[in-house]
Amino acid sequence: MSQRRQYPFHLIEPKWQKNWDEQQTFRAWNPNEEIPANHPFAARHGAKSMSGEAVAGGKAPKKFYILDMFPYPSGAGLHVGHPEGYTATDILSRYRRACGFNVLHPMGWDSFGLPAEQYAVKTGQHPRVTTEANINNFTRQIKSLGFSYDWTREVATTDVGYFKWTQWIFLKLYNSWFNPETNKAESVDTIKFPDDCKTEDHKRAYRDSKRLAYNAELPVWWCSDLGTVLANEEVIDGKSEVGNFPVVRKPLRQWVLRITAYADRLLEDLAIIDWSESLKKQQTDWIGRSEGAEVEFKIQNSKFKIAVFTTRPDTLFGATYMVLSPEHPLVTAITTETQKNAVQSYQKEISGKSDRDRTDATKEKTGVFTGGYAINPVNGEQIPIWIADYVLASYGTGAIMAVPAHDERDFEFAKKFNLPIIQVVQPNDPKTEWQGFTDDGVSVNSGFINGLVTSEAKKKITTWLKEKGLGKKTINYKLRDWLFSRQRYWGEPFPLIWKTDTAGNLYHEALSENMLPVLPPQLDDFKPTPGDRPQPPLGRAKDWANLPDGSIRELNTMPQWAGSCWYYLRYLDAKTNSSFVGKDVENYWMKAGGDKPGVDLYVGGTEHAVLHLLYARFWHKVLFDLGLVSTAEPFFKLVNQGLILGEDGQKMSKSRGNVVNPDDVLAEYGADAFRLYEMFMGPLQDTKPWNTKGVEGVYRFLGRVWRLFVDEKSETAYEQAETLAGNLTAENAKSAEKQNELLDLILLDGGITDAAATPAQLKTLHACIKKVTEDLDGMRFNTAISAMMVFINEANTWQNKPVTVMKTFLQLLAPFAPHIAEELWARLHATFGQVAPSLTYAPWPKFDPALLVESEIELPVQVNGKFRDTIKVPVDADNATIEAVAKASEKVQLFTAGKTVKKVIIVPKRMINLIVG
RNA sequence: GCGCGCGUGGUGGAAUGGCAGACACGCCAGACUUAGGAUCUGGUGCCGUAAGGCGUGAAGGUUCAAGUCCUUUCGCGCGCACCA
């Protein structure tokens, strides 16, 4: 660092961080907690303010729960993206405390996960050791930024006391089923068995098939590089989200969570939460609800029938062929001898293709005729059955009726293979070409639905199909059940065991709650077993896996998402060992305040749109159904922070060498400047590039703030002393006393007086209060900071700086740059012989509109809509006066000379426009 | 291909339909200085000596008045992508 420090942040920041730690300044208080009389919260609200009566009677301070997405503590440490969201929430937390709220602002660690396990594979170091070291590093980095977390509530998903309850919640899922009649989860004890379920084995099998957590063989994504299966949400463009490895689909027996049962509620409840439209749309698209009909087609000369799903049953008369996905189970049965070779070679060709290639919408259609025919149920027509890879086995029934006239894909396919195209929909605009017309219109060539508009035609034909037993209305979803088991070591073991029934079949059973937690075994070798079958590493711990009674433990572990599905609930009651969260506590933090359910504000990156945010909503709804939480939704308001790019405008990455390390920035400019810069860059939600020059800009601003308050001569004395003392830094400072001794050499500027503020000074201050307050409410941090810069630029010109004005300014600055604000706040009070009240809990200043009223205002004058001059008029001037003053302006007269004023438009207190001609 | 968002100085970005470019970076000039990569002061959209003219991706429209509203179009970003 070659330049002179703008102000001694290296002493101020550790000093106040230590002070906050010792005072537990940011403790959030649960119902019934007695607040120590010497805690600043008690000074503001009273020691008994959180008593049971106060909470029940609505007299307790209002709660505000403001949450960050907790990080995965990676070995790389914090990157500059983390503190962006964290700073925003910290500012709002501090603002809300000043406004009188009981603010819950916690932090924790999403600490199960693959990197620690992969490091263990490489080095043999146990993931717990790696994880602990990484958490320590993250803690150090986060604490050095001065965030106002309540650290007494810190949680890590890898803590035994935490994942015990993750396993407990899994048991709740396992022991519940979704009752379609009540549309909610219930205990499996309420399942009614069908009459043919007679034996215990039958009943068990039936019950197991209904559970919210079930074991089934289904096509899943297998990643051989990672040695584990993955959920749909973890696969992006045919590659694993983690590591970007190829994945393949294969049928495997796995644990699955029945999230599809909640598809409709997950959709509907998007309406009651305050999320961005784009995020809601991402979830909506992922769930992919689509209404239509299932129609059964008979196969000619065969006992088989094929069901198809269509959203356009009104076009059934136009179905001129049928297409099955190459994997459809009936393909072999339908295929004729002459087509056998062609069909088999096509199937083989397709199976060798990656999913990415198959689903490329731009590629040319391919397919093969099976030789078989189906009967169109509405008109008895024979239609050929083809197979083609544009029909997906995993969606709908894996088969479609093709209506080439009114479906783009079918149209393309029919043209290529010369299949008949029959019009059955007439576009409303007669000029529109009907071939390839896919919108709504009027049915034609369609027998009994002719002349009906599309919506009516759909209804009528669906009713007809139902009456004839040929089909029914259906709703299809893209959402699949959540694949919930992984072949990993570093995850929560399942609280499940496997036993053998009387017929020699394996069946699973849950451990009882009092056997939790299930700890993972000790292992030396964490490697995934090579091969193309999942082989959980836990299987190597034979002693652990095989229980004395002959049963075997479930060897898979839960995915990383399990822990993050409920951490926001554990924060509420982080240490309790008697439940996953206390009832009263949950009710206070999640529900108090009424119509806005859940966490008041949740800030994090957009990358979790269909992962964590969907999974957590699902778990929350199950817990809600079981009466374990009090709101239908976990997160009321959610804001996605934008990405911070490197200085080159590219995404930050090691390989590009454009990664900014927060530690470096902190060492050079301090935490306050770092925080301020991240907020000053631009709107929180926007993607924006990093610029070190910009950090210097806000750093200079803080320097100007500092110099506005302190005596320059005393600062010179301090600098000399500091040089003598060997240039103390936060790391090498020998003692806090030494630091404070040095800091005490700095005195307050003589211009700060207890004289009354002038009207102009009050106006400057109150304009700033207004702007900062409104911008905080709207989360417009960048413009709030610019308002404070305006204040400081103005205050720099003052001879006398009234202490009351300067104190209020520090309150505005405090949420953004808390360390410098605390230091100057303390100094102001000390200099004037006062005991400084806690800045954190000092009531947020209110702006006085009366002070902003002017006696005279400037008005822009336009001539024919073009700005020409500004005039000064009394604020209450009538229109005639304004017009006269405007016309008297020389500049205006330049443009009105020789012309007549035909019209005058005056917008009170805004502008005047003279129309001349 | 479909959906959403965004296009404003050299740069990041400000502007309830009412003085475009707040604030900051950068740049220019000056002051202080042995020095300046510190600090302070002033300037800085473009063209023009000036008066003035032009200017928010492009083209049209609504309006007394448009960066803002409407239509078309181009470009960028994000999401979805053969979902029947």
Side-chain angles (χ1 to χ4, degrees), chain A residues 2-6 237 276-282 284-286 288-290 292 308-312 315 319 323 325 358-363 365 388-392 394-403 406-410 412-413 438 476-478 606 609-610 640 642-643 649 676-677 680-683 685-698 700-701 703-704 707 712 771 780 782-790 792-793 796-797 858-870 891 894-895 902-907 909-916:
Chain A
S2 53
Q3 38 179 284
R4 177 179 172 272
R5 239 182 238 114
Q6 290 272 349
D237 290 346
S276 73
E277 284 311 310
S278 77
L279 187 54
K280 286 184 179 183
K281 190 167 180 308
Q282 280 188 62
T284 305
D285 284 351
W286 190 261
R289 183 182 199 273
S290 133
V308 302
F309 173 72
T310 176
T311 55
R312 293 295 299 269
T315 62
V323 188
S325 72
R358 275 189 63 166
T359 57
D360 183 359
T362 57
K363 85 171 168 55
K365 298 273 178 291
D389 69 347
Y390 82 91
V391 173
L392 307 175
S394 56
Y395 183 77
T397 62
I400 63 158
M401 64 179 208
V403 184
H406 307 295
D407 181 281
E408 230 174 289
R409 298 148 300 180
D410 299 344
E412 210 184 306
F413 192 81
T438 58
N476 235 299
Y477 300 93
K478 278 201 274 182
T606 188
V610 292
N640 287 128
L643 204 63
L676 215 51
Y677 174 63
F680 189 61
M681 291 169 84
Q685 290 92 335
D686 288 10
T687 299
K688 44 214 175 280
W690 183 270
N691 178 4
T692 299
K693 289 284 187 195
V695 190
E696 283 175 24
V698 291
R700 279 205 284 267
F701 162 70
R704 281 203 300 280
R707 291 189 296 274
E712 267 178 62
K771 181 80 178 135
R780 293 180 296 268
N782 55 333
T783 49
I785 293 166
S786 88
M788 291 189 282
M789 288 172 167
V790 170
I792 287 297
N793 290 344
N796 250 321
T797 67
E858 281 195 349
L859 278 188
V861 183
Q862 297 178 356
V863 179
N864 286 346
K866 287 204 172 212
F867 167 75
R868 294 304 177 188
D869 197 10
T870 55
K891 283 187 181 167
L894 276 175
F895 296 91
K902 291 197 286 196
K903 196 174 171 188
V904 179
I905 294 151
I906 295 175
V907 182
K909 297 182 188 174
R910 280 254 168 240
M911 49 72 65
I912 169 167
N913 191 1
L914 303 174
I915 310 302
V916 299

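Protein chains get the first letters and strands the later ones, always in sequence-line order, with residue 1 at the start of each.
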Worksheet item: Does CD in A:Glu408 sit with more than 12 non-hydrogen atoms of other residues, nucleotides or ligands closer than 6.0 Å?
Response: no

Fill in: Within 45° cone and under 6.0 Å: A:Lys365 NZ/CZ vs A:Tyr390 ring
yes

Worksheet entry | Sub-4.5 Å side-chain heavy-atom contact between A:Thr310 and A:Met401 | yes

On a whole-Å scale, what distance lies between the [atom1] atoms belonging to [N] and [M]?
N: B:U44; M: B:C25; atom1: C1'; answer: 13 Å
N: B:C70; M: B:G18; atom1: P; answer: 15 Å
N: B:G9; M: B:C54; atom1: C1'; answer: 14 Å
N: B:U41; M: B:C32; atom1: C1'; answer: 11 Å
N: B:G10; M: B:A22; atom1: P; answer: 14 Å
N: B:G61; M: B:A66; atom1: C1'; answer: 11 Å

Looking for any heavy atom pair under 4.0 Å, which part of the strands does [X] touch: base, sugar-phosphate only, or nothing?
X: A:Gly697; answer: sugar-phosphate
X: A:Val308; answer: nothing
X: A:Asn476; answer: nothing
X: A:Asn793; answer: sugar-phosphate
X: A:Lys478; answer: base

Tabulate protein N/O versus nucleotide N/O from nucleotides 63-67 of chain B, keeping only pairs under 3.5 Å, one per line.
{"from": "B:C64", "atom 1": "O2'", "to": "A:Asn913", "atom 2": "ND2", "distance (Å)": "3.3"}
{"from": "B:C64", "atom 1": "O2", "to": "A:Asn913", "atom 2": "ND2", "distance (Å)": "2.7"}

Would you indicate, yes or no, if [N] has its OP1 or OP2 atom less than 4.0 angstrom from a side-chain nitrogen or oxygen of [X]?
X: A:Gln685; N: B:C6; value: no
X: A:Ser290; N: B:A84; value: yes
X: A:Tyr390; N: B:A84; value: no
X: A:Arg704; N: B:A24; value: yes
X: A:Arg700; N: B:C25; value: yes

Practice prompt. List the protein contact pattern of nucleotides 47-56 of chain B with one symbol per nucleotide (5' to 3'): B for base contact, S for sugar-phosphate-only contact, - for none; contact means a heavy-atom distance under 4.0 Å.
Written response: -----SSS--

Worksheet item: Could you give the CD-to-C1' distance, from A:Gln282 to B:G5, as a whole number of Å?
Response: 12 Å

Worksheet item: In whole angstrom, what separates A:Asp407's CG from B:G1's C1'?
Response: 14 Å

Worksheet, complete the sentence: One should report the stems of RNA chain B, each a stretch of at least three consecutive Watson-Crick or G-U pairs at distances under 3.5 Å, as B:1-7 with B:74-80, B:10-12 with B:23-25, B:26-31 with B:39-44, B:45-47 with B:52-54, B:57-61 with B:69-73

Practice prompt. Could you grab the distance from atom CG of A:Leu914 to atom CD1 of A:Ile906, nearest 0.5 Å is fine?
Written response: 8.0 Å

Worksheet entry | Syn/anti state for B:G9 [syn: chi within 90° of 0] | syn

Worksheet item: Is there a donor and acceptor pair closer than 3.5 Å between the side chain of A:Lys365 and the base of B:C82?
Response: yes

